[in-house]
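Here is the structure we will look at, set down as structure tokens.
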Amino acid sequence: MRKGLLLLPLLFLASCGTVDSSSSFSSPSSESSTSSPTSPSSTTGTSSSSTLSGSVSDALNYAKERALTLEGDCTLLVNDSETPYAHYVLGFDEQAISVREDLVSTDGTMVEGTETIYFAKENGKTYSRQINLDNEVEDVPLLSGGESVAFAENFPNPFSVLKFSDILSYENTYLLKPNAISTFSLYALHQSVSPTKIELSMEEGRFTHIRIKTSTYGGLGGVGLSYRYDLAIRYDTPISAPELTPYPTEEEHATLEAALARLDEKVAGHNYTIEMKLDAGSGAVPFAYYVTEEGHLDTSIDSSGAIQGLIRQHDGYHYFTYASGTATIDDSEAYDLDEIELDFLSFAPELFVSQGKSFHSRSGYAASLSTMVAPMLYRDYLASCATDVEIAVEGEDVRSLEIFFVDLNNMISGSLSMSFTDFQKTTWPIEI
């Protein structure tokens, strides 16, 4: 499942669908990752490669010294077929970088991403500026392992990690040597992939295009999958920290705020039913989600014929599965009540835009909002691929919530709708 891109920290989390499945920071090879970016003065053209003209050295130094933007497409290669996968805009400046990833949905439409800018402050550490869930402008430090991340060492212009000797001429194009491709692709894409070939095109003494091809790996059914990135290079495109202001408060936001407060008060009694419908493209499938003092029970049936839930025990709430009258309880991890309950008060109503009687989340907030308004058994999944949260208000109450998602890993898109009912009247239909 795909994460709301690039709302996640760039190099520190691999994008879902890339070849390397690691989800933690993947450092480049030791020959280049432990040092600061190579300065232009140390890489000018004294290379022993006699196959290259002097203009390659000039082009490399020019690329190192400019603020630049890489923009283009990622294509999924499945055996002999090609499928559009994503569109990237990646910017690099001395004290800031920017990333935008637009995803191609399974129906061929583009799901627009949000540009994320990471920048260095006076202390040399990396920050992003955002409007938080309280509708306040906040500079958020980028952390890895609980420590602040230095900007210069981790987010250089990708050309600054190349030497003249890393490039060779081949049939009217330029190839990066094998020892350089992993480091360059990591810094250029901000994703951990497994590149096998990187080509550079040059016109009028400037590098103008990058093509990155990844290694092939086995997908579902052993189908060979790989990716190709085709990125044009634009120069002198400076980047700086964004100037943000909180979202305006409209008259309709008072209505939404009051309705959410009423719903939060009702669910605080821990006894209610959520009538749910999952629509993943083949028609809506109804089921119920019961919340009582016993715990949470989801009546949707999995592929093995079981239902699942969370059951309260002496040390907290545990996952369980239930089939053929028997419950299997997972004792490995317990959750506190405040970890599993819904929360409709910890976000500002201004994060939504009014559209008639419904409110839609602003771009970039669906993932975070899903972790608060979706029931526990669905949170992780929805937060990884949610694109919109819609809240419908009728009179003084929330009539329904609907979370829209795009799951490119499983090649499905759809929505999960929720209506709340039977407050203080709900009981489980099974006994454990």
Side-chain angles (χ1 to χ4, degrees), residues 2-16 18 20 22-28 32-37 63-72 74 86-103 112-133 136-161 183-193 210 229 231 233-245 362-365 367-368:
R2 182 172 271 273
K3 37 195 185 37
L5 183 173
L6 294 171
L7 295 176
L8 296 174
L10 302 180
L11 291 175
F12 298 85
L13 285 174
S15 175
C16 290
T18 53
D20 189 332
S22 170
S23 62
S24 59
F25 174 59
S26 177
S27 177
S32 59
S33 64
T34 57
S35 60
S36 297
K64 290 181 179 184
E65 295 165 359
R66 295 297 193 276
L68 56 85
T69 296
L70 310 180
E71 181 172 2
C74 174
H87 182 80
Y88 292 96
V89 183
L90 307 154
F92 304 86
D93 205 345
E94 185 178 8
Q95 294 293 313
I97 61 170
S98 66
V99 172
R100 180 186 177 99
E101 182 185 35
D102 300 329
L103 306 176
E112 292 187 359
T114 302
E115 180 186 44
T116 302
I117 296 178
Y118 289 82
F119 58 92
K121 297 184 79 167
E122 293 79 4
N123 60 5
K125 303 301 183 181
T126 307
Y127 294 80
S128 63
R129 182 167 294 163
Q130 64 183 31
I131 299 176
N132 62 25
L133 294 178
E136 299 170 342
V137 178
E138 180 181 12
D139 286 352
V140 181
L142 180 61
L143 305 177
S144 178
E147 301 292 330
S148 298
V149 174
F151 184 89
E153 292 92 328
N154 291 283
F155 303 106
N157 177 326
F159 285 97
S160 69
V161 302
T183 301
F184 181 83
S185 68
L186 181 62
Y187 287 127
L189 299 176
H190 299 302
Q191 298 177 20
S192 180
V193 301
I210 301 169
Y229 298 82
L231 305 171
I233 305 172
R234 292 188 282 116
Y235 294 98
D236 298 320
T237 53
I239 304 164
S240 57
E243 296 296 329
L244 301 178
T245 56
R362 296 181 186 271
S363 177
Y365 292 95
S368 298

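If you're wondering where the values come from, they're calculated on a predicted model, not measured in any experiment.
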(message) For Asn157 versus Ser160, what's the shortest heavy-atom pair and its separation?
(response) O-OG, 2.6 Å

(message) How close do Thr245 and Ile131 get, counting heavy atoms only, and between which atoms?
(response) O-CD1, 3.1 Å

(request) Could you tell me which non-hydrogen atom of Pro156 sits nearest to which non-hydrogen atom of Val161, and how far apart they are? (result) CG-CG1, 4.1 Å

(request) Kindly assign one of parallel, tilted or perpendicular to the pair Tyr118 and Phe155, based on the angle between their ring planes and the thresholds 30° and 60°. (result) parallel

(request) For residues Phe159 and Ile210, determine if any side-chain heavy atom of one lies less than 4.5 Å from a side-chain heavy atom of the other. (result) yes

(request) Measure the CD1-CG distance between Ile233 and Leu90 for me, rounded to the nearest 0.5 Å. (result) 11.5 Å

(request) Give a yes or no on whether Gln95 atom CD has more than 12 heavy-atom contacts from other residues, nucleotides or ligands under 6.0 Å away. (result) yes

(message) Once rounded to the nearest 0.5 Å, what's the spacing between atom CG of Leu244 and atom CD of Glu136?
(response) 13.0 Å

(message) Is the shortest side-chain heavy-atom distance between Val140 and Asn132 below 4.5 Å?
(response) no

(message) Could you measure the distance from the OG1 atom of Thr237 to the OH atom of Tyr235? Nearest 0.5 Å is fine.
(response) 10.5 Å

(message) Working to the nearest 0.5 angstrom, can you tell me the gap between Asp102 CG and Thr114 OG1?
(response) 9.0 Å

(message) Once rounded to the nearest 0.5 Å, what's the spacing between atom OH of Tyr88 and atom CG of Leu103?
(response) 7.5 Å

(message) With rounding to the nearest 0.5 angstrom, report the CZ to CD1 distance, Arg100 to Ile117.
(response) 11.5 Å

(message) For Phe92 and His190: C-alpha separation, side-chain torsions, deciding distance, then whether ring-ring contact (aromatic ring centres under 6.0 Å, His included) applies.
(response) CA-CA 11 Å; Phe92 304 86; His190 299 302; 5.4 Å; yes

(request) Give the minimum heavy-atom separation between Ser185 and Val193, together with the two atoms involved. (result) OG-CG2, 4.0 Å

(message) A side-chain contact here means heavy atoms from C-beta on lying under 4.5 Å apart; do Phe119 and Arg129 qualify?
(response) yes

(message) Applying salt bridge (Lys or Arg N to Asp or Glu O under 4.0 Å), can you list everything that pairs with Arg362, at least two apart in sequence or on another chain?
(response) none

